[in-house]
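Treat the numbers as computed from the prediction; the structure is a model and nothing was measured.
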2 protein chains.
Amino acid sequence: MTNSSAARPPRADAVRNRQLLLSAAAEAFAEQGTEVSIAEIAQRAGVGKGTVFRHFPTKEDLIAAIMGEIIDSLITTGMGLSDAADPAAALLEFMTRGIELLARDRALCEIVGRPSLQQPAVRAGIDRLCEVVEMLTDRARRQGLIRQDITGQDIVLLLAGVHQTAAPLADTQPQLWRRYLALTFDGIRTQHPQPLPHPAPHRFKFTPDSMLADNSKAR
Amino acid sequence: MTNSSAARPPRADAVRNRQLLLSAAAEAFAEQGTEVSIAEIAQRAGVGKGTVFRHFPTKEDLIAAIMGEIIDSLITTGMGLSDAADPAAALLEFMTRGIELLARDRALCEIVGRPSLQQPAVRAGIDRLCEVVEMLTDRARRQGLIRQDITGQDIVLLLAGVHQTAAPLADTQPQLWRRYLALTFDGIRTQHPQPLPHPAPHRFKFTPDSMLADNSKAR
DNA sequence: GGTCAACCTGACCGGCCGGTCCGGTTGGTG
DNA sequence: CACCAACCGGACCGGCCGGTCAGGTTGACC
């Protein structure tokens with residue numbers, strides 16, 4: 001009696017398709033953001049469009065399912081860091097892991113920023129994530145390792161902010177965010193400045209052939 | 001060679017409509033970003049849709065015209081700060097003005113981030129802006145007021161990054177970016193930390209009705 | 001006032017996308 | 001094996017949007 005009453009197990013092909021769908025959607029969202037069409041996700045999974053809507057009645061439901069999983073993984077990371085010996089190092093490690101996730105997933109960047117997604121499951125996940133961050137921050141602050149006026153909410157916002165700072169050059173310098181994470185964390189911690197780990201960015205400097213061929217001969 | 005004196009002047013209603021169009025589009029883009037439909041812009045300007053495409057053959061051309069103007073205004077600001085007595089204060093002032101522009105204009109945020117807009121005029125404007133920032137940064141760095149390993153390109157990226165850090169809460173705390181600008185500038189400058197000017201952010205804490213109720217406390 | 005080109009308008013086109021639906025298929029069960 | 005409900009597929013719908021065009025209107029100049 002795995003199911004108390006009137007619950008029938010789903011068919012084998014249904015669970016298989018659901019899994020195919022989830023992984024295909026996760027990949028597509030990560031690469032192209034939440035604007036990927038349902039048709040493309042269905043094609044990647046090798047199923048029909050109707051099958052997508054059978055498993056997830058709305059596109060938002062599909063997004064919420066995948067984003068919720070990613071947020072949960074970050075919560076787990078934070079919980080594992082909650083009793084580290086050096087709370088400041090733990091906080092930095094947590095931020096590093098969070099930004100790595102953001103750098104790999106365009107859809108994740110979109111949902112953390114905008115309050116557009118009011119899916120309750122995702123909201124609840126973000127709330128739990130905020131509590132974990134608050135806890136990590138409190139430990140570091142109580143030991144005097146970071147500024148007293150920094151809160152967990154600051155950290156959550158800076159997580160996305162640091163990533164977006166480096167995002168415009170992510171194609172050519174995918175590790176650039178480490179530079180700004182170090183700079184930001186230097187502003188947060190009470191110690192004296194540390195050297196920045198990544199060289200300064202370049203580009204934006206009129207490299208005529210870097211983008212296309214030669215139709216930029218204006219002026 | 002087109003004889004400049006022989007070129008016929010445009011008709012009076014044409015120039016008037018062009019002006020109406022520019023201001024309507026600037027307003028619409030600032031409020032809603034570059035995704036506003038051409039139809040809405042035409043309606044705001046009180047003209048037909050076809051008139052928009054008569055003056056700007058493509059939507060991108062219209063965007064470029066308006067964004068170019070805004071970028072130029074920021075360049076002018078930077079040039080005016082180029083011989084200030086305190087180069088660090090000048091740099092901070094410039095960043096403040098830049099983020100104020102970003103906070104007021106959603107479309108501006110979109111184009112500085114993504115390299116999607118390859119309109120040559122806008123590219124050239126951004127390049128000139130980068131040169132101005134480089135100059136401001138060099139002055140501050142040569143006087144030892146900021147870290148030696150900070151470049152003008154860092155400043156350009158941080159401009160957008162600081163704004164986007166506070167953007168998710170911009171509806172309820174429109175001045176929050178000042179907190180992160182101060183924090184970031186503390187990391188950049190060589191002096192000791194200064195107090196943060198804005199209280200720490202709240203929200204994300206399961207306040208079910210906070211989104212619609214108390215948005216009145218903005219200066 | 002008369003003429004004409006510049007100008008304006010809004011109906012229209014093609015394409016995309018989220019979501020629906022129904023005929024056909026298939027997996028499980030007795 | 002036979003049956004049927006769960007399941008699948010993809011044609012289809014309505015709506016939106018950037019861009020085009022034919023036909024009516026109007027400003028400028030003689």
Side-chain angles (χ1 to χ4, degrees), chain A residues 1-3 5-25 28-29 31-67 106-107 110-111 116-119, chain B residues 2 5-25 28-29 31-67 106-107 110-111 116-119:
Chain A
M1 58 185 299
T2 60
N3 307 320
S5 70
R8 63 289 167 199
R11 250 165 58 171
D13 55 346
V15 302
R16 196 196 59 213
N17 278 340
R18 187 171 224 278
Q19 209 53 40
L20 286 173
L21 225 36
L22 279 172
S23 58
F29 284 143
E31 289 175 10
Q32 308 186 32
T34 57
E35 309 94 358
V36 257
S37 67
I38 293 288
E40 172 162 348
I41 292 173
Q43 194 182 358
R44 286 197 191 210
V47 303
K49 220 172 96 174
T51 305
V52 181
F53 288 102
R54 163 170 302 272
H55 288 280
F56 304 93
T58 237
K59 190 183 183 183
E60 267 211 354
D61 292 314
L62 177 56
I63 296 172
I66 288 168
M67 293 302 119
R106 280 186 56 178
E110 292 174 22
I111 66 151
S116 51
L117 193 62
Q118 68 263 45
Q119 207 75 15
Chain B
T2 62
S5 62
R8 72 284 178 220
R11 251 166 57 173
D13 55 346
V15 303
R16 196 196 58 214
N17 279 339
R18 189 171 222 277
Q19 209 54 39
L20 286 173
L21 225 37
L22 280 172
S23 58
F29 284 143
E31 290 175 10
Q32 309 186 31
T34 56
E35 310 93 358
V36 255
S37 67
I38 293 288
E40 172 162 348
I41 293 174
Q43 195 182 358
R44 286 198 191 209
V47 303
K49 218 171 95 174
T51 305
V52 182
F53 289 101
R54 164 169 300 273
H55 289 279
F56 303 94
T58 238
K59 191 183 183 182
E60 267 211 354
D61 291 315
L62 177 56
I63 295 171
I66 289 168
M67 293 301 121
R106 281 186 55 178
E110 294 174 23
I111 65 152
S116 52
L117 193 62
Q118 69 261 46
Q119 207 74 16

What pair of heavy atoms forms the shortest contact from B:P10 to B:V15, and how long is it?
CG-CG1, 3.6 Å

Nucleotide by nucleotide, 5' to 3', does protein get under 4.0 Å of the base (B), only the sugar-phosphate (S), or neither (-) in nucleotides 25-30 of chain D, counting heavy atoms?
-BSS--

In this structure, which one of B:T34, B:V36, B:I41, B:I38 forms a side-chain contact (heavy atoms from CB on, under 4.5 Å) with B:K59?
B:I38

List in chain and number order the residues that pass salt bridge (Lys or Arg N to Asp or Glu O under 4.0 Å) with B:R11, two or more places apart in sequence or in another chain; answer none if no residue qualifies.
B:D13

Under 4.0 Å: is that the gap between some side-chain N or O of A:N17 and OP1 or OP2 of D:dC8?
yes

What does the inter-axis angle of the helix from C:dG1-D:dC30 to C:dG30-D:dC1 come out as, five pairs per end, nearest 10 degrees?
0°

Spacing between B:L20 atom CG and C:dC7 atom P, to the nearest angstrom:
15 Å

Can you tell me how far P of C:dC4 sits from CZ of B:R8, to the nearest Å?
18 Å

Point-to-point distance, once rounded to the nearest 0.5 Å, from CZ of A:R106 to CD of A:E35:
6.0 Å

When the distance from NZ of A:K59 to C1' of C:dG19 is rounded to whole Å, what number comes out?
12 Å

Could you grab the distance from atom CD of A:Q32 to atom OG of A:S37, nearest 0.5 Å is fine?
8.0 Å

Can you tell me if the side-chain N/O atoms of B:T58 get under 4.0 Å from OP1 or OP2 in D:dG18?
no

Under the side-chain hydrogen bond (donor to acceptor under 3.5 Å, both in side chains) rule, what pairs show up with a residue in residues 43-53 of chain B, not counting sequence neighbours?
B:E27-B:R44, B:E31-B:R44, B:E40-B:R44

Atom of B:L22, atom of B:I66 and distance for their closest heavy-atom approach
O-CD1, 3.7 Å

Rounded to the nearest 0.5 Å, what separation is found between the CG atom of B:L62 and the NE2 atom of B:H55?
11.0 Å

Check A:A107 against A:M67 and note the closest heavy-atom contact, atom names and distance.
CB-CE, 3.7 Å

Go through residues 33-42 of chain A and report each residue with a non-hydrogen atom lying under 4.0 Å from DNA chain C, sorted by number.
A:V36, A:S37, A:I38

DNA chain D contacts among residues 49-57 of chain B, heavy-atom distance under 4.0 Å:
B:K49, B:F53

